[in-house]
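Here it is, the structure, as structure tokens.
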Amino acid sequence: MSNQTTIDRLRVLLAALDPSIDLTGDEAALLGRVATHFVVPATDTMWLALAVLHAEFPTRDQVVDGIRRIRLDGAASVLKEIAHAPVRRGIFGLHPVRPVRVVTGATFVDVHHTARTGLATGIQRVVRKTIEQWSQSHELLLVGWGSAFGALRELSTQERANALYGTYPDAESEGTAEVTVPWRSTYILPELAVEDERTARISALAEFSGNASYVIGFDCVPLTSAETTGQGMGGAFAKNLAAVARFDKVATISGAAALEYRGWRRMLSGAGLTGPEIEPVLLPADAGTVTDAELASAKKSLVIDGLPLLLCVGSHEPRKNHLAVLSAAELLWREGHEFCLSFVGGNSWGGQAFTTQLKQMQERGRPVQTISAISDALLWGGYRAAACTVFPSLNEGFGLPVAESLAVGTPVVTSDFGSMKEICEQGGAILIDPRVDASLAGGLAQAMFDPAVNQRLRDEAARRENKGWNDYATEVWEYFHKSS
Amino acid sequence: MSESQFNGPTAGTPLTDEAAAQADLAARLAAAEAERDRLRDELDARSNESVDSWLEVVGTESRILGQMHGTVSWRITKPLRFVRKVQLKAAQVGVARVSQLAVADLRRRFIGRRR
Amino acid sequence: MSWAELDQSEEIDRPGLSQALLGRLATVAPYFLSEQADVDALVQRGAGPLLARLVTEAKASESTDLLWLLIAGVTASFPNADQVRMTRRAIALASPTKISAAFLEACFDSAVRFDDLDKGVEVVSGGTVVDVDFCANHRHNTGIQRVVRQTMSRWNATRDVVLVAWTANGGAMRSMTPLERSRVIEWNTYTEPGRDQPPVDPEVYRVIIPFTSVVILPEVPQAALCSALAALAEYSGNRVGLVGYDAIPVVSADTLDSNETERFVRYLTIFKHSHRLAGISAAATEEFAGFAAALPAQGLVGPETVEVSLPIDAPDGDAEAIGATGTDPLVICIGSQEPRKNHLAVLFAAELLWREGVAFRLRFIGGGSILYTREFDKRVRALKRNGRQIEVLRGVNDEVLLSAYREARFSLFPSLHEGYGLPVAESLAFATPVITTDYGSTAEIARGGGCLVVDPRNDDELVVAMRSLLTGDDILNRLHAEIAARSDRTWDDYANELWDQLVLPLRGELDV
């Protein structure tokens, strides 16, 4: 990839503004031709000019300020100044300016984080499954950001593979990435962006660039349940929301998440904003398969002393309410019920109380354990081996373990509100008040130890119509692209 | 205990025997009650003592915690905690709105402190 | 000091602590036991048997009120939600003989942390407790503090309220000193003895525990108090009412430092368990109502929200003229220099008009974070170099502000987001017309007359409005007439309405 000069960037800009225009001539001639597009400066062309000439996406202030300067001092002189002050790479700006290209009529999908992470939690799974389905029937331009979150660039082959399949967690970008500017295009953000610089630039893109902008909304937990999140999350998430406020559409992963996003949207009126269109597209319930050997191995890990298994999947953060599970289990053991309890999930913020309590119970000889090394075989084997699973979360955008348990036909005891309740609409679950341990214990006693109830729930779960990832991805794509 | 259960005289029993039996019963009852009170007092004393020792342990822990604030590690983190305090205060004032005067005041003090 | 020395200090006053605990238990006991004779008999026997009985009662109770009260009584500090839940679980699983021990063990950490075991407590039952911690401890007097002081001076005179602050370590509500009370209810008349001190506890105070009471939070509490207040709202059985100022740290988070948002989302944890909120404008009320509408996703209902708008208020005090004088009309722009206030739009509009040959002076009054003022100041200096009549006053007192309101031809307040827009109200109180934002709370104030409204994101509208007030008198005269005809509410009206709309409905719920 060759270096671009100021003149080259002016040509790139001019070609985007008017594909039929003459690209010959010196800088003054080119600037003159560009300036004709800024007699009455508009926000979309101002955004484009800044992105191309600076080789970096502008923030809101830069766009607004650029327009004001042009109105005061004239387009030619202001654009000239901008064109001669591009952002240089490297710590001291010693490196050349990144090459810039404008892509028209494409579908940009921003998977910056998914392309680089080794994690495979809920969000990454949604992103990967969705773009995998999309890429089979649509032309996608998978993009990420530079290290300073200055501009979008196309992913390298390895990053692309990691974005789609999670196979290259340490993927490197290749050479000098081109600044890739969407113009008359679609920008889709299927993951959660919380980096300040990134959200500031996405916000300006959504507000000014004229590109269509769509985002998948997972939940508003850092805003609505701050007591269950660590320091720093609320601030970062609110900046994400400030960008989402400028988007065209949000597809939330459940009706409960839509309720949260719509509540937030109501809050915007005081700032004179209307906010995006918001519709729920419920995530699918995946039924993973295991071999007999994997099932046997999962049983070996999860079942204690051959007792009936109660399985609880999820990290030990306060929102998941695992202390209530321990307390309810203790109540049931004291009532004389025989079963073992296995947690599958990593430690996380605020998990200390859980770890301490678990240890005390183990010391008293209760058949309870937690396993943090999760594999697909263990997870899907566990769902199948369990007499019942439990998921008494206090707030979820989508209670994945509920959907997964039901998909393999295992009954669930879960919260009687939000996405948990929504997922259980076709049956297979007992709904309880997760804030009352006795309610949880009562639900578990029925689902685990009343054979008739357990069987009824299994029958209901087996009759469920489970939605696939293909259905989900198609629904989201159609919602994004239908004219509203 | 109801009276009728214990004091109901049976027909034909000599009156003197009955009085003697009653006296005996009353004595035994009084002894039982005294024993019960003694046991209760003992339990109460033990329970009061355990509450007292809880208080003592809490008091000791509190004192250690309080003194920790004077130790070196705590003093090293003090500038950090000060910055945090200013941030929090600034936040309060910020929410408080247009608080131009207060913010200016804070800024003066914050910068003054650093010099 | 070394670790070895830690254990060498003065002895623990064991009898004193013991007596204090027994006193606290005796104070809360009547809310557990209906017969005072039972209470007296148990007090005679000592803290151990009394505590055992009260824990047993709390365990048997369906609700968590008694448990919350007992934790507060024993530790002389208000528990957070984790502690209430942990204690509830501990006593639920403990055998009858171990129930006191389980309770004390669960309370251990917070008792240590707050170290108030020598204090006495007072239970306020069936009362109206108002948390004025910040105003009691600080001499700031801007937005929120003015609302609180104006309202509390009136409530104190006419209503039965208990004003409280918090202990310096943030453990519990406490009684206030006469000076602290004066800071809240006699702001204009009392004399401050010294300079502003960081909050310290008075030498003598009682911990105040509201029970089956109404608890009003007219301030935005400090972050450190939010978890205890959220637990109070969720578990104590008290009815909690808030005054809602704005949700700017969430909605306009892109214009603020993240720490403000952090603090505010903690405040929202109180809001979601509270029972009623009175917003200071329709716009502010709608912001909180929107948040409440998101709560069913987590199985909560959220509080009722009602609008009780602030009055049009002129700050007290005498005017003192400072700043450049001249023959050209003065235009003022009041407010801290931060992005949300949209001052760069004002600079742009002013420069366009100056270039057209319109003559006027422009004066900004307000401070601002150094983060934002640098760029603003740079532009102001550039304009000055070109001979523009522009000045920025920072850190000036109220007198200067008042004199500017009096002198100005009109004021500018094209803010992007406000919970109320105090400078608009202040300007109107001085009969000075205002150009302000055409949505949200400023638009509400403008509807009463005396303002031109503009879309603050459209520079042309601002230019047109400014030009119309600078180049002719017709519109300006009309606005003056409108201001004269305004019928605005007073602080008396506000204080009464807030009582009727916020406190009375909550008091009604107590009787149920």
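Convention: sequence-line order gives letters A, B, ...; per-chain numbering from 1.
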Residue selection (most heavy-atom pairs with chain B, distance under 4.5 Å) from A111(C), A101(C), G419(C):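 Looking at each option in turn, the highest pair count goes to A111(C).
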
N/O donor-acceptor pair under 3.5 Å between D44(B) side chain and P49(C) backbone: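 Checking the backbone N and O of P49(C) against the side chain of D44(B), no donor-acceptor pair under 3.5 Å is found.
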
Residues which pass side-chain contact (heavy atoms from CB on, under 4.5 Å) with F376(C), listed by chain and number, not counting sequence neighbours: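 By the side-chain contact (heavy atoms from CB on, under 4.5 Å) rule, F376(C) matches Q337(C), H343(C), L344(C), L347(C), F364(C), V380(C), V392(C), R394(C).
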
Closest non-hydrogen atom pair, N48(B) against A47(C):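 For N48(B) and A47(C), the tightest heavy-atom pair comes out as OD1-N, 2.9 Å.
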
Derivation and outcome, side chain to side chain contact (heavy atoms under 4.5 Å, CB included), residues E61(B) and F108(C): CA-CA 10 Å; E61(B) 285 274 326; F108(C) 184 81; 3.6 Å; yes

S18(C): partners by side-chain contact (heavy atoms from CB on, under 4.5 Å), with sequence neighbours left out: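 Result, side-chain contact (heavy atoms from CB on, under 4.5 Å) vs S18(C): D52(B), L55(B).
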
Top contributor to chain B interface from L104(C), V74(C), L17(C) [non-hydrogen pairs under 4.5 Å]: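 Top option by heavy-atom pairs under 4.5 Å: L104(C).
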
Most chain B-contacting option - heavy-atom pairs closer than 4.5 Å, from G46(C), A20(C), A52(C), P15(C):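 Top count of heavy-atom pairs under 4.5 Å with chain B: G46(C).
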
Gap separating the CG atom of L117(C) from the CD atom of E56(B), nearest 0.5 angstrom: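 Nearest 0.5 Å value for the CG-CD distance: 12.5 Å.
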
Any residue of residues 30-37 of chain B which, by heavy atoms, sits under 4.5 Å from chain C: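 Listed by number: none.
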
Gap between atom CG of L21(C) and atom CH2 of W54(B) - 0.5 Å precision: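 Answer for the CH2-CG pair, W54(B) versus L21(C), is 7.0 Å.
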
Residues which pass side-chain contact (heavy atoms from CB on, under 4.5 Å) with S252(C), listed by chain and number, not counting sequence neighbours: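 With neighbours one apart ignored, the set is A271(A), I248(C), D254(C), T255(C), R340(C), H417(C).
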
Heavy-atom proximity to chain C below 4.5 Å, by part of R40(B):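 Only the side chain of R40(B) comes within 4.5 Å of chain C.
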
Part of R14(C) lying under 4.5 Å from any heavy atom of chain B: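 Side chain only.
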
